[in-house]
Amino acid sequence: RITAFALLAAALTAMTALYFSAFKWVTVYIDDDVHRRGTFARTVEEVLEEMGGQLRTEDYVYPPKQEKLQRIAGIAVIKARPYTIRHDGMESVVWAVATKVADVLTAAGVEWQQQDVVLPPLESSVPQTQEIAVVRVSSEIVQEQVTLPHSSLRVPNNSMYRGQERVVQAGSDGQLI
């Protein structure tokens, strides 16, 4: 009888140890929300699936989804938001996790030059309206040659007949580039 009791106690102890070794406490931070839960999940991805939240590939998850959970773990999820970008005569929507306008444009693969106008400015925080415009600015140097006519100075001279003219110093047209 004591042997059966000892075997039962050993089995219960082993099962309890196994139960508590597989059980984990997880705190999940999704944007500004905090969720605390106990779980038997082995990876970050399994915890997120248990919670039923839909994640996009653009969402930021730390630690990475495939990482194994510790006994006490914290998971941070920052959800991507949609941004409308107007550039080059097109309008495109990109989902991104970003704090600056430049980060959103980089995530969208939109390149810009120093002379381009970006609204709101590149280093500003992402806009609440979630709309960004890139206005392309180009410049070129144009050289144009303009002929400047020379001037004439007429001085009356009593030693000459009326209507008669004499060139004292010849002028030539100038060029302006």
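When a residue number appears, it is its place in the shown sequence, counting from 1. From a predicted model like this one, the values you see are computed outputs, not experimental measurements.
When every heavy atom of V104 is checked against every heavy atom of A98, the shortest pair comes out as CG2-CB, 3.5 Å. Of all the heavy atoms in P63 and G74, the pair that sits closest is CD-O, 3.5 Å. The minimum heavy-atom distance linking S125 with V101 is given by the pair O-CG2, 3.9 Å. In terms of heavy atoms, D173 sits closest to P149 at OD1-CA, 3.3 Å. Of all heavy-atom pairs between E123 and A102, the closest is OE2-CB, 4.4 Å. Nearest heavy-atom pair, Q66 versus T43, reported as atom, atom and distance to 0.1 Å: O-CG2, 4.0 Å.
Atom CG of D116 sits about 11.5 Å away from atom NE2 of H87, to the nearest 0.5 Å. Distance check: L119 CG to R86 CZ gives 11.5 Å after rounding to the nearest 0.5 Å. Between E58 atom CD and I78 atom CD1 the span is 14.0 Å, to the nearest 0.5 Å. Expressed to the nearest 0.5 Å, how far NZ of K100 lies from OG of S124 amounts to 7.5 Å. For the atom pair CZ (R37) and CH2 (W25), the distance works out to 11.0 Å, reported to the nearest 0.5 Å. Atom CG of L122 is separated from atom CD of Q114 by 10.5 Å, given to the nearest 0.5 angstrom.
In this structure, V44 and P64 have side chains that are not in contact, with every pair of non-hydrogen atoms separated by 4.5 Å or more.
Proximity of a side-chain donor or acceptor of D31 to a complementary backbone N or O of K79 within less than 3.5 Å is detected.
Side-chain heavy atoms closer than 4.5 Å link hydrophobic residues (I, L, V, M, F, W, Y) into clusters, and following such links, even through other members, never connects L48 to V97. Neither L55 nor W95 shares a network with the other; the hydrophobic side chains, linked directly or stepwise wherever heavy atoms of I, L, V, M, F, W or Y lie under 4.5 Å apart, form separate groups for each. Using a 4.5 Å cut-off between side-chain heavy atoms of Ile, Leu, Val, Met, Phe, Trp and Tyr, with links allowed through other members, F40 and L69 fall into different hydrophobic clusters.
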- [ ] Kindly determine whether V126 and R81 satisfy side-chain contact (heavy atoms from CB on, under 4.5 Å), including the steps that lead there.
- [x] CA-CA 10 Å; V126 290; R81 298 186 324 187; 3.4 Å; yes
TODO: Let me see the working for Q175 and V146 under side-chain contact (heavy atoms from CB on, under 4.5 Å), right down to the final yes or no.
DONE: CA-CA 6 Å; Q175 298 292 323; V146 178; over 6 Å; no
- [ ] Evaluate the criterion side-chain contact (heavy atoms from CB on, under 4.5 Å) for residue pair K24 and V47; output intermediate values, then yes/no.
- [x] CA-CA 10 Å; K24 297 164 185 75; V47 170; over 6 Å; no
Task: Test side-chain contact (heavy atoms from CB on, under 4.5 Å) applied to Y29 and H35, step by step - done: CA-CA 6 Å; Y29 304 90; H35 306 273; over 6 Å; no
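Within a 6.0 Å radius of CZ in R42, no more than 12 heavy atoms belonging to other residues, nucleotides or ligands are found. Enclosure of atom CG in L148 by more than 12 non-hydrogen atoms of other residues, nucleotides or ligands within 6.0 angstrom is indicated. More than 12 heavy atoms of other shown residues, nucleotides or ligands fall within 6.0 angstrom of atom CD in E131. Remark: Q54 CD is loosely packed, at most 12 non-hydrogen atoms of other residues, nucleotides or ligands lying under 6.0 Å away.
Checked by atom type, the side-chain pair Q115/S139 shows no donor-acceptor distance below 3.5 Å.
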